[in-house]
Student: 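Here you go, one structure.
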Amino acid sequence: MNAMVKAEGVHKSYGAVQVLKGIDLEVAPREVFCLIGPSGSGKSTFLRCINHLEKINAGRLSVDGELVGYRQKGDKLYELKDSEVALKRRDIGMVFQRFNLFPHMTALANVMEAPVQVKRESKAVARERALKLLDRVGLADKAGNYPSQLSGGQQQRVAIARALAMEPKLMLFDEPTSALDPELVGDVLDVMRGLAEDGMTMVVVTHEMGFAREVGDSVVFMDDGVVVESGHPREVLTNPQHERTKSFLSKVL
């Protein structure tokens, strides 16, 4: 079976600054894969490389057996056109730190938008699914509200519903709770737990160590653009082997 995400020697630089220095990792289908580490370690950059929001400079990155952003001919890689990349990106849902909802649309319209515009679904079909998804994230009663009328946690749950509306095979979460007030974090994590129980493959950049320990199948500690340590969350979080991991966890646990 193909890995859902496979990174081989992935490098990413901005000018002279190397952000990713040869990342090798695999995410299995149905796995909840948590990326932890200090700010600036390259976690979010790597996440954005998975759906080609950032282009890698070297190495190979594939999702469900297909290269991300490139096709191979012989031993050379050729970059895909934007339209081809967009087609592939439909299968990958992404939830950002800042919710990025359309402010002029209701919660329901936000969730319906991509299936109607991108997949050319009928509004009736898209609406029915959107209502089910809003119910799933505990916001059935907020369908007619605009983002400005919702709390941060509610906006983030709408953002998750919006990503799910495209029926992705992979979900990427970039610190989905870090912009939220502490009392709103739990509702978002509960939605993510539900997705994990349903078998959604998830790559989660997070500072929520409790979530990584309870829900994660694997955890990777990144620092300075490299994978320092990886393994089962309980092993890595309770018995880290590397000094850098120990130092980081002593500050956040």
Side-chain angles (χ1 to χ4, degrees), residues 2-29 31 33-102 113-114 117-119 159-160 162-164 166-176 178-179 200-206 218 220-228 230:
N2 280 330
M4 184 57 80
V5 179
K6 186 172 186 178
E8 302 168 272
V10 169
H11 286 74
K12 172 68 186 173
S13 302
Y14 299 102
V17 181
Q18 271 195 303
V19 182
L20 301 176
K21 303 171 183 175
I23 301 291
D24 295 292
L25 54 79
E26 283 193 23
V27 181
E31 185 172 16
F33 191 94
C34 295
L35 289 167
I36 64 170
S39 295
S41 57
K43 310 180 301 293
S44 293
T45 300
F46 177 71
L47 200 73
R48 292 168 68 85
C49 290
I50 295 175
N51 65 358
H52 207 59
L53 286 174
E54 299 283 358
K55 298 174 185 179
I56 64 176
N57 300 109
R60 298 164 68 89
L61 192 51
S62 53
V63 170
D64 202 16
E66 292 191 17
L67 283 172
V68 173
Y70 299 89
R71 63 187 164 80
Q72 187 162 1
K73 214 173 178 184
D75 54 3
K76 277 204 165 150
L77 293 181
Y78 296 89
E79 194 166 356
L80 297 176
K81 294 188 195 118
D82 288 349
S83 57
E84 294 173 286
V85 173
L87 207 58
K88 293 257 171 74
R89 207 178 271 146
R90 286 165 40 160
D91 292 331
I92 305 172
M94 183 148 187
V95 177
F96 299 88
Q97 209 169 340
R98 300 271 169 205
F99 330 117
N100 293 8
L101 297 176
F102 297 116
E113 178 73 357
Q117 296 300 331
V118 179
K119 282 189 168 178
I160 294 172
R162 180 178 63 177
L164 292 172
M166 289 295 282
E167 302 179 303
K169 54 188 170 189
L170 170 65
M171 284 283 282
L172 309 176
F173 291 87
D174 189 7
E175 297 187 20
S178 65
M200 173 62 76
T201 311
M202 294 156 61
V203 182
V204 185
V205 172
T206 187
S218 302
V220 159
F221 172 67
M222 279 178 70
D223 189 31
D224 197 26
V226 297
V227 171
V228 176
S230 62

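Not measured: the values here are computed from a predicted model. The first residue of the sequence shown is numbered 1, and numbering continues consecutively from there. What's counted below: heavy atoms across the whole structure, side chains too, no hydrogens, waters or symmetry copies.
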Student: Determine, step by step, whether His11 and Leu20 satisfy the side chain to side chain contact (heavy atoms under 4.5 Å, CB included) criterion, reporting the C-alpha distance in whole Å, the side-chain angles of both residues, the deciding distance to 0.1 Å, and the verdict.
Tutor: CA-CA 5 Å; His11 286 74; Leu20 301 176; 5.6 Å; no

Student: Are Glu8 and Asp24 packed together at the side-chain level, in the sense that at least one heavy-atom pair is separated by less than 4.5 angstrom?
Tutor: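 Contact flag for Glu8/Asp24 side chains = yes.
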
Student: Report the C-alpha distance between Ser178 and Gln97 in whole Å, list the side-chain angles of each, state the deciding distance to 0.1 Å, and finish with yes or no for side chain to side chain donor-acceptor pair (under 3.5 Å).
Tutor: CA-CA 7 Å; Ser178 65; Gln97 209 169 340; 2.8 Å; yes

Student: Between Arg89 (side chain only) and His52 (backbone N and O only), is there a donor and an acceptor less than 3.5 Å apart?
Tutor: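 Indeed, once roles are kept as given, a pair shorter than 3.5 Å links the two residues.
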
Student: Check side chain to side chain donor-acceptor pair (under 3.5 Å) between Asp91 and all other residues, then give those that pass, not counting sequence neighbours.
Tutor: none

Student: Specify the closest pair of heavy atoms between Val220 and Phe33, including all atoms of both residues, with the distance to one decimal.
Tutor: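 Result for this residue pair: CG2-CZ, 3.4 Å.
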
Student: Would you give the length of the straight line joining atom CD1 of Ile160 to atom CZ of Phe99, rounded to the nearest 0.5 angstrom?
Tutor: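 So the gap between those two atoms works out to 10.5 Å.
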
Student: Between Val5 and Val203, what is the shortest heavy-atom contact and its length?
Tutor: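 The answer is CG2-CG2, 4.4 Å.
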
Student: Could you measure the distance from the CE atom of Met94 to the CE atom of Met166? Nearest 0.5 Å is fine.
Tutor: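 These two atoms lie 15.5 Å from each other.
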
Student: Within a 6.0 Å radius of atom NZ on Lys55, are there more than 12 heavy atoms belonging to other residues, nucleotides or ligands?
Tutor: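 Open.
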
Student: Looking only at non-hydrogen atoms, find the nearest pair between Thr206 and Ile36 and report the distance.
Tutor: O-CG2, 3.6 Å

Student: Find out whether Leu170 and Asp64 are in side-chain contact, i.e. whether some heavy atom of one side chain is under 4.5 Å from a heavy atom of the other.
Tutor: no

Student: Taking atom CD1 of Ile56 and atom OH of Tyr70, what is their separation to the nearest 0.5 Å?
Tutor: 6.0 Å

Student: At what distance, to the nearest 0.5 angstrom, does CD of Glu175 lie from OG of Ser39?
Tutor: 6.5 Å

Student: Considering all heavy atoms of both residues, which atom of Ala163 and which atom of Pro168 are nearest to each other, and what is their separation?
Tutor: O-CD, 3.4 Å

Student: If every non-hydrogen atom of Ala28 is compared with every non-hydrogen atom of Glu31, which pair is closest and at what distance?
Tutor: N-OE1, 2.6 Å

Student: Given Glu113 and Arg162, is the side chain to side chain contact (heavy atoms under 4.5 Å, CB included) satisfied, shown in steps?
Tutor: CA-CA 8 Å; Glu113 178 73 357; Arg162 180 178 63 177; over 6 Å; no

Student: Drop me the distance from Leu25's CG to Lys6's NZ, to the nearest 0.5 angstrom.
Tutor: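 Rounded to the nearest 0.5 Å, the CG-NZ separation comes to 11.0 Å.
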
Student: Which heavy-atom pair separates Ser41 from Met222 by the least distance, and what is that distance?
Tutor: CB-O, 3.4 Å

Student: Does Lys43 reach the main-chain N or O of Gly37 with its side chain, forming a donor-acceptor pair under 3.5 Å?
Tutor: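 Yes, because the side chain of Lys43 sits within donor-acceptor range (under 3.5 Å) of the backbone of Gly37.
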
Student: Where do Arg71 and Leu80 land on the side chain to side chain contact (heavy atoms under 4.5 Å, CB included) test, with the steps shown first?
Tutor: CA-CA 7 Å; Arg71 63 187 164 80; Leu80 297 176; 4.0 Å; yes

Student: Run the side chain to side chain contact (heavy atoms under 4.5 Å, CB included) check on Arg48 and Leu172 step by step: do they pass?
Tutor: CA-CA 9 Å; Arg48 292 168 68 85; Leu172 309 176; over 6 Å; no

Student: Going from CD on Glu54 to OH on Tyr14, what distance comes out if it is rounded to the nearest 0.5 angstrom?
Tutor: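 That separation rounds to 3.0 Å.
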
Student: Kindly list each side-chain donor-acceptor pair under 3.5 angstrom involving residues 81-88, sequence neighbours excluded, with atom names and distances?
Tutor:
from, atom 1, to, atom 2, distance (Å)
Glu84, OE1, Lys81, N, 2.9
Lys88, NZ, Glu66, OE1, 3.3

Student: Does any N or O in the side chain of Asn51 come within less than 3.5 Å of the main-chain N or O of Ile92, such that one atom is a donor and the other an acceptor?
Tutor: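 The answer is no, because no donor-acceptor pair under 3.5 Å joins these two groups.
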
Student: Is there side-chain contact between Val204 and Met171, with at least one heavy-atom pair below 4.5 Å?
Tutor: no

Student: Give a yes or no on whether Lys12 atom NZ has more than 12 heavy-atom contacts from other residues, nucleotides or ligands under 6.0 Å away.
Tutor: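 Yes, NZ of Lys12 has more than 12 neighbouring heavy atoms, counting only those of other groups under 6.0 Å.
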
Student: Are Arg60 and Leu77 side-chain neighbours, meaning at least one heavy-atom pair lies under 4.5 Å?
Tutor: yes

